[in-house]
> 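Provided herewith is a single structure, encoded as structure tokens, for subsequent inquiry.
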Amino acid sequence: MEKLKLNFDTEILGEPRTYIVEVPYENGIVATSEFCPTDLISGSVDLMAAVRGESLDKFMVDCRMQLLAMSKISEVDTVLDLHIGALMAAVMEHLSRNKVISFGDLLIYVDCFSLLLNAAGFDRDEIYSMYPRIVHSILELYPDNVSNIVRSDFQQLK
């Protein structure tokens, strides 16, 4: 698998900003699950089967959607709040179109969020720690709008 470096130019809080996201890439698919706890997506499946991803085009759209939301947010207390607001905007936009979001799609959005945090210079350990808490918070906010979730996975996030 080769490593892609993807540049995303945006304006954040009135300042131009470039995010460089590095992701594994093979056969048109970007592996997105770098920060997701393996047991959250794999259960009893081995590690290689647990790697999740999406097409390069779809990944670019998902990242740009969060960056666009970030560019529209004008008042936040922290940069982390800016990223969380953008993630929530992406999830809410998905829900406004479809009324439900699959657990897998939710994890893809959180994957993009995590990779953008990494590109913004956040500590990798902090991102790993934050990932399940963010997923848990979204599941608590929208318990009836997330499909294909195994309730034991939800319990594991607590």
> If hydrophobic clusters are built from ILVMFWY residues whose side chains come within less than 4.5 Å, do I134 and L80 share one?
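Cluster IDs for I134 and L80 match.
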> Side chains of E2 and P24: does their closest heavy-atom pair fall under 4.5 Å?
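Side-chain contact under 4.5 Å: no.
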> Provide the closest heavy-atom pair for N145 versus K99 in the form atom of the first, atom of the second, distance.
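Closest approach of N145 to K99: ND2-O, 2.8 Å.
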> Any chance you could measure D111, atom CG, to L116, atom CG, to the nearest 0.5 Å?
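Separation between the atoms: 11.0 Å.
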> Is the closest side-chain heavy-atom distance between L107 and Y131 below 4.5 Å?
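The answer is yes; the side chains approach within 4.5 Å.
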> Can you confirm whether more than 12 heavy atoms, excluding those of K5, are under 6.0 Å from its NZ atom?
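No, the 6.0 Å shell around NZ holds no more than 12 heavy atoms from other groups.
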> Does any N or O in the side chain of D9 come within less than 3.5 Å of the main-chain N or O of T18, such that one atom is a donor and the other an acceptor?
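Here the side-chain-to-backbone pair does not exist.
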> Rounded to the nearest 0.5 Å, what separates atom CD1 in I12 from atom OH in Y19?
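I12 CD1 to Y19 OH: 4.5 Å, rounded to 0.5 Å.
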> To the nearest 0.5 angstrom, please state how far the CG atom of L115 sits from the CD1 atom of I20.
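That separation rounds to 14.0 Å.
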> So do the side chains of I101 and Y109 get within less than 4.5 Å of each other, counting heavy atoms only?
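They are in contact (side-chain heavy atoms under 4.5 Å apart), so the answer is yes.
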> Would you say V61 and L6 are hydrophobically clustered, going by side-chain heavy atoms of ILVMFWY under 4.5 Å?
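No, separate clusters.
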> Would you check, one step at a time, whether the test side chain to side chain contact (heavy atoms under 4.5 Å, CB included) holds for T10 with M70?
CA-CA 9 Å; T10 190; M70 286 172 60; 5.9 Å; no
> Which distance, rounded to the nearest 0.5 Å, do you find between the NE2 of H83 and the SG of C112?
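Answer rounded to 0.5 Å: 13.0 Å.
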> Examine L68 and I108 and state if one hydrophobic cluster contains both, with Ile, Leu, Val, Met, Phe, Trp and Tyr joined whenever side-chain heavy atoms are less than 4.5 Å apart.
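As far as the 4.5 Å side-chain criterion goes, I108 and L68 are not connected within one cluster.
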> Could you grab the distance from atom CD of E93 to atom CG of N98, nearest 0.5 Å is fine?
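The distance works out to 8.0 Å.
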> Please tell me if the side chains of I138 and L87 come closer than 4.5 Å, counting only heavy atoms from C-beta onward.
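They are in contact (side-chain heavy atoms under 4.5 Å apart), so the answer is yes.
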> Can you measure from CZ (F35) to CD1 (I127) and round to the nearest 0.5 angstrom?
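Spacing of CZ (F35) from CD1 (I127) equals 4.0 Å.
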> Do L13 and F122 sit in one hydrophobic cluster, given that two such residues count as connected whenever their side-chain heavy atoms are within less than 4.5 Å of each other, even indirectly?
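L13 clusters together with F122.
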> Checking side chain to side chain contact (heavy atoms under 4.5 Å, CB included) for the pair R124/E34: CA distance, chi angles, key distance, verdict?
CA-CA 10 Å; R124 295 178 66 76; E34 177 179 352; 2.2 Å; yes
> Regarding T78 and D81, is there a side-chain donor-to-acceptor distance under 3.5 Å anywhere?
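D81 and T78 do have a side-chain donor-acceptor pair below 3.5 Å.
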> Under 4.5 Å between any side-chain heavy atoms of F113 and M130, yes or no?
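Contact flag for F113/M130 side chains = yes.
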> Which atom names give the shortest non-hydrogen contact between A119 and V21, and what distance separates them?
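Minimum heavy-atom separation between A119 and V21: CB-CG2, 4.0 Å.
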> Are the side chain of S114 and the backbone N or O of V110 linked by a donor-acceptor pair below 3.5 Å?
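A pair under 3.5 Å: yes.
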> Linking I/L/V/M/F/W/Y whenever any side-chain heavy atoms sit under 4.5 Å apart, do I84 and Y128 land together?
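In one cluster: yes.
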> Would you say F103 and V135 make side-chain contact, with heavy atoms under 4.5 Å?
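Contact flag for F103/V135 side chains = yes.
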